[in-house]
Amino acid sequence: MKIGNDIYYIGVNDHNISLFEGQYRVPYGMSYNSYVIKDEKIAVIDTVEAGFTDTWLNNLKNAIGNKQVDYLIIQHMEPDHSGSINGFLKVYPNAKIVSSQRSFVMMKQFFGNDYTDNQMVIENGSLLSLGKHDLTFVSAPMVHWPEVTVTFDKTEGVLFSADAFGKFGANDVSDKWEREACKYYFGIVGKFGPQVQVVLKKINDFDIKKICPAHGPVLEENLSYYIGLYDTWSRYLPQKSGVVIAYTSVYGNTKKAVLELADLLKKGGKDVKLYNLARCDMTDAIADAFCYDKLVLATTTYNSEIFPFMREFISHLTERNYQGRVIGLIENGSWAPMANKVMKNMLEKSKNIQFTPTCVKILSSLNEESKGQLEMLARELIEN
Ligand code: FEO
């Protein structure tokens, strides 16, 4: 598929995968994107997951015919992009592999071979001319691995962005880019906001007309929308106003309380997102916790701790540097409730967290006192 004057998409769609990177549910599959630039010299950008090597090589052959590839640019060493290097070199043994020093170390680790005879080591600012096309390599460490490089083709104004600006879902499925990209960002890249900010500054001077990510569609038109979202997300700023309620419930009493709270909040004009952490796709709840400005955590005291799904959820947030939000807490316990204290402790190192004055304590089931606390909490979330 032609996507530029001399640039072709040669990636694949994976509909067999159920868990991406071993944990993210992808009911709409995944795309592994790869591109080829046809110039006096031919450069391929990234490979695909090993199970798709033959399909990918076939796509490549359809794009370039019987010509030889001069350069294979490896931007990122996760196997969804590097898994076909071996298969590629069997067909194009004379191609140079263009990548960072750190990538070659990882190639040896992953494949037992760092392809010494094929190496072309690049670093931040390295240039490569293919003829008409002048490529600039920009290091993007920890977006989201240390060896990552992104590539700017000055000639056509195309940024090959590796995982940045990627999304869940195959390219032959229509879905909402923003939602799947938000889940992908906070699931996979979210911890590395400062590093994303550094890369956004590095690419700021480029005249970018198209973004070609390693997953998801080629982005063109209104690029400031996509770059603006990445700026907001990587600054940990809320994108939307509203309350995310994440809860667990053993016998339905905590659920009843959060439903009452949701009702009060909606009556007060708030947008509310409700997640039962035992049943939802945790990635959805994580994305919305970062997307919205307020969060309510409601759980039971369990084994002198908190319910496991809530512990997992809070850990997902804190390890991704969750910060700068208003949080309300609801605990339920039948003899020694301590969930609010445990949840607060888990969040104590998170920056700029403002807890609501009211923490709700439920003793087994709602009563007049805890209902009153729920009403207070709702008011604080509406008025704050
Ligand atoms: Fe799409 Fe970090 O690999």
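Counting starts at 1 for both ligands and their atoms, in listed order. Atom set for the values below is all heavy atoms of this structure, side chains included, hydrogens, waters and symmetry mates excluded.
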Side chains of C359 and E331 in contact at under 4.5 Å (non-hydrogen atoms): no
Fit a plane to each ring of H76 and H81, take the angle between them on a 0 to 90° scale, and name the class: parallel (under 30°), tilted (30 to 60°) or perpendicular (over 60°). tilted
Where does the angle between the aromatic ring planes of Y32 and H215 fall among parallel (under 30°), tilted (30 to 60°) and perpendicular (over 60°)? perpendicular
Heteroatom N/O/S of H144 within less than 2.8 Å of atom 2 (Fe) of ligand 1: yes
Atom 2 (Fe) of ligand 1 has as its nearest N, O or S atom from D163 the atom OD2
Taking 4.0 angstrom as the limit, do K96 and D70 come out as a salt bridge? no
What's the atom name of the N, O or S in D80 nearest to atom 1 (Fe) of ligand 1? OD2
Charged N to carboxylate O under 4.0 angstrom, D6 versus K132? yes
Can you tell me if, anywhere in H76, an N/O/S atom lies at a distance from atom 1 (Fe) of ligand 1 that is smaller than 2.8 Å? no
Give a yes or no on whether E78 keeps an N, O or S atom under 2.8 Å from atom 2 (Fe) of ligand 1. yes
